[in-house]
Asks: 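Structure provided below as structure tokens; questions to follow.
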There are 2 protein chains.
Amino acid sequence: MSGTLGANAGPAQTPTGAATKAPARSPEPGVEAKPATIYDVARVAGVSHQTVSRFLKGYAGIRPETRERVAQALDAVDYRPNLTARSLTTGRSHRIGALTHEIDQVGPSKIAQGASAAAREAGYLLDIITLDMSNRSAIANAVSLVQQHDLAGVLALASTDEMTRAFEKTRFRVPAFIAVEADDVVGEHRSELSSVGFPALVDHLAGLGHRSFLHIAGPTTWSAARNRVRAYEEAIEVRGLNSVGIVHGDWSARSGYDAVKSLSGEVRATAVVAANDQMALGAMLALSQLGLQVPRDVSVTGVDDIPEAEFFAPPLTTLRVDFLAQGRAAVAELLARVNGETAPSFPVLASELVVRASTGPAPV
Amino acid sequence: MSGTLGANAGPAQTPTGAATKAPARSPEPGVEAKPATIYDVARVAGVSHQTVSRFLKGYAGIRPETRERVAQALDAVDYRPNLTARSLTTGRSHRIGALTHEIDQVGPSKIAQGASAAAREAGYLLDIITLDMSNRSAIANAVSLVQQHDLAGVLALASTDEMTRAFEKTRFRVPAFIAVEADDVVGEHRSELSSVGFPALVDHLAGLGHRSFLHIAGPTTWSAARNRVRAYEEAIEVRGLNSVGIVHGDWSARSGYDAVKSLSGEVRATAVVAANDQMALGAMLALSQLGLQVPRDVSVTGVDDIPEAEFFAPPLTTLRVDFLAQGRAAVAELLARVNGETAPSFPVLASELVVRASTGPAPV
DNA sequence: ACGCTACATGTTGTCGGTAACATTCTCGGA
DNA sequence: TCCGAGAATGTTACCGACAACATGTAGCGT
């Protein structure tokens, strides 16, 4: 060892004599056989590996000259820390898990996107774990997976009670767990529907003369669905309006369609408030098949404002939810908790009313 | 250390002093302070840690009696391998990265879901890395991230040329890289549009009397978009039909809308073939705003068959693509490659024509 | 000039596994 | 009864980082 002391730029001799498998990939510049370690850096800089480690951690007590040498060596060998090794000693990984039901749903997937970005900015990676949130063994399996990969924390992007419970029980080597969109379950309030959301929506409809409403809700096991039902009921009640019913769907367009069809042709409401845009879409199709025009006969609203909502026929009036921000906020809180900082309380994200053509004056 | 020799069930002292917020959760049984290692197992079983390791690897040469003791100890302490430690020595992790542009797009997110499931079944975790595929520094950043977290392989769920190139260059500690949906770029054919896809679609339209077509394509930098353009052109040409143009969008509904609007009211085609369902949706809205009825005046088709397509107004005729299967296949190939097995050639997935109300007889 | 104390840096141990090498055990054959 | 070979098992080294402790060096007062 200790060959060239200079910038290790000699004929690319493999560091630890390794490079077992790669077909000796000719000494192309820039393609090292194996990434450099702090020991390599130390050798090049002529210091001990610990000094390198100190430098990397930003330790102040290093002589300027030494500091400079290390910095140059670091650069010369293009050092990248091995996070695996670091995790082993520190016991803390740089990955956070994201549990989600089906990421093809706009909400969860957008949240995941925001979370992923926020995580990366903090030097973390987001591990996606999709699972059937109502399958007990699938959940157990996921828990086990999370433990083995020792994640720094876990985020539930879309949470059902079953899943939340499973993780409540096993707080074991999983330092933190946050359920996005869950409030009543976890005990902390993190509904994305600010108090101005549904009220604003209902105000809008009431202003158009609507008095009787129908709510197409999500599955009762989803806390997000319950939040929205509660918000809906409150908004209706406070204004002395009339709810002719709440039908539960499963977030899909089909379920919204079925919900309306299940009314057996008798739609007694003049306004249909769906808990998400997909169900609103399905509802609109069903209504038109019943011979009811939107918004002439019935007004329809959604929640989420998925990118397509603006192009539905007719374009959908909906509550815009900033999923990206939600994902970011969740990660921020998780990391704060992991680092033992005072967790910045999860911000209650405001949802903005977006009025489009699917709502209009109530029929006389 | 080395306190209790029994099942390590001493009073649950918090692991790393963490658990800042939880109120010190009393020494509940079943909540171990720290997961057991092979050394713990060895101690309990009265053998060396290496014997335990051998057992775990399925080494045959272990006396039945010893084997039994180890098995029991394993069970007693509820051993879970520490994948971090394993990775450090073996140099191979149990995670694969998934690069994606925006996972809120149905294609990529569904692929991710399939990939995630397949990965988990193989004991791997899927790390999502969202990035702006056209931002060079973001790509470099991602590459660096991938290296540090030493992933077993990388999957590009949606690939642009820029990104593919970035990874081509840096095959350094990233054993495998697969670009889903890319064929011309990577050199291997993996288009998800089987040869029966577009031809079947065009046959359907031609059968309805359509002769002049308009294609709304995806961004040219996306290989998936290019595949579809090529498939479209071939299908049109082979049948001696007429393409009045190809307009490029960005996959979004808005871009489909804009594409039609950009025709300045002059839609000379009787059939609009969009490269995905969202753009088809936007196109339909724009057409109706131009006073053209779908499908009476113009037929419109999409690709993907997103769950909502069935509920568009009118329901969309489209080519169903099995993204989940694509994700699974990609993972299978990646893992095979990682394990040095003969990579099962990536199956060319068939896309099925789904006829709905957005297509009808060509106007006379 | 001497010794003490900060400060700068080096050495060794550790995390939890795997790999290579070392040692013990067992059994058949001389 | 003893030897040697192979099987079963144990010991030590190592992956790449961090942490604790050890050592060396400079600066200061006296």
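The structure displayed is predicted, hence computed values, not measured ones. In what follows, chains carry the letters A, B, and so on, assigned in the order in which the sequence lines appear, proteins first and then strands, with residues in each chain numbered from 1.
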Asks: Measure the spacing between CG of A:L83 and CG of A:L125 and express it to the nearest 0.5 Å.
Replies: 9.0 Å
Asks: Please tell me if the side chains of A:N82 and A:T37 come closer than 4.5 Å, counting only heavy atoms from C-beta onward.
Replies: no
Asks: How about B:Q72 and B:D75: do any of their side-chain heavy atoms sit closer than 4.5 Å?
Replies: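 Answer no - side chains too far apart.
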Asks: So, does the side chain of B:R80 form a donor-acceptor pair with the base of C:dG16 at under 3.5 Å?
Replies: no
Asks: Of the non-hydrogen atoms in A:A42 and A:S48, which two are nearest, and what is the gap between them?
Replies: CB-C, 3.6 Å
Asks: Taking the side chain of A:A85 as heavy atoms from C-beta outward, which of C:dT9, D:dT9, D:dG16 is closest to it?
Replies: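 Nucleotide nearest to A:A85's side chain: D:dG16.
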Asks: Please state how far atom CG in B:N82 lies from atom P in D:dC15, giving the value in whole angstrom units.
Replies: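 The distance from CG of B:N82 to P of D:dC15 comes to 18 Å, rounded to the nearest Å.
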Asks: Here's a test of your reading of the structure: between A:R63 and B:G46, which maps to the more 5' nucleotide of DNA chain D?
Replies: B:G46
Asks: CG of B:L83 versus P of C:dG16: gap in Å, rounded?
Replies: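 Atom CG in B:L83 sits about 14 Å away from atom P in C:dG16.
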Asks: Do B:D127 and A:L126 make a side-chain contact, defined as non-hydrogen atoms from C-beta onward lying under 4.5 Å apart?
Replies: no
Asks: Starting from P on D:dA17, measure out to CZ on A:R86 and report it in whole angstrom.
Replies: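 Whole-Å distance recorded here is 8 Å.
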Asks: Where the side chain of B:V47 is concerned, which of C:dG16, D:dG10, C:dG10 is the nearest nucleotide?
Replies: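 Minimum distance to the B:V47 side chain belongs to D:dG10.
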Asks: Reckon B:S53 has a side-chain N or O less than 4.0 Å from the OP1 or OP2 of C:dT18?
Replies: yes
Asks: Measuring from the side chain of A:T37 (C-beta onward, heavy atoms only), which nucleotide among C:dG10, D:dG16, C:dT9 has the closest atom?
Replies: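 So the side chain of A:T37 is nearest to D:dG16.
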Asks: Regarding A:S87, tell me which of base, sugar-phosphate or nothing describes its non-hydrogen contacts under 4.0 Å with the strands shown.
Replies: nothing
Asks: What's the CD-P distance between A:Q148 and C:dG16, to the nearest Å?
Replies: 15 Å
Asks: Within the 4.0 Å heavy-atom criterion, would you say A:Y79 contacts the bases, only the backbone, or no part of the nucleic acid?
Replies: sugar-phosphate
Asks: Which nucleotide in the list D:dG10, D:dG16, C:dG10 gets nearest to the side chain of A:R54?
Replies: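 Of D:dG10, D:dG16, C:dG10, C:dG10 is nearest to the side chain of A:R54.
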Asks: Can you tell me the distance, in whole Å, between the CZ atom of B:F55 and the P atom of D:dG10?
Replies: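 Whole-Å distance recorded here is 15 Å.
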Asks: Report all interatomic pairs (protein N or O, nucleotide N or O of nucleotides 12-14 of chain D) with separations under 3.5 Å.
Replies:
{"unit_1": "D:dT12", "atom_1": "O4", "unit_2": "B:H49", "atom_2": "NE2", "d": "3.3"}

Asks: Taking atom C1' of D:dA8 as reference, at what distance in whole Å does atom CZ of B:R69 sit?
Replies: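 To the nearest whole Å, that distance equals 12 Å.
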Asks: Just the rounded figure in Å: distance from C1' of D:dC18 to OH of A:Y59.
Replies: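 Answer to the nearest Å: 15 Å.
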Asks: For a 4.5 angstrom cut-off between non-hydrogen side-chain atoms, does B:I129 reach B:L99?
Replies: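 The answer is yes, as the side chains (C-beta and beyond) meet within the 4.5 Å cut-off.
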Asks: Can you check whether B:K57 has a side-chain N or O nearer than 4.0 Å to OP1 or OP2 of C:dG17?
Replies: no
Asks: Using whole Å, report how far CZ of B:R92 lies from P of C:dG17.
Replies: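 Result: 17 Å.
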Asks: For B:T66 and D:dA8, is the shortest distance between a side-chain N/O and OP1 or OP2 below 4.0 Å?
Replies: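 Looking at the OP1 and OP2 atoms of D:dA8, neither is under 4.0 Å from any side-chain N or O of B:T66.
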Asks: Under 4.5 Å between any side-chain heavy atoms of B:T84 and A:T84, yes or no?
Replies: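 Heavy-atom side-chain distance check passes, below 4.5 Å.
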Asks: Picking from B:V41, B:T51, B:I38, B:V70, what satisfies side-chain contact (heavy atoms from CB on, under 4.5 Å) with B:L56?
Replies: B:I38
Asks: Classify the nucleic acid contact of A:I62 as base, sugar-phosphate or nothing, counting any heavy atom under 4.0 Å across all strands shown.
Replies: sugar-phosphate
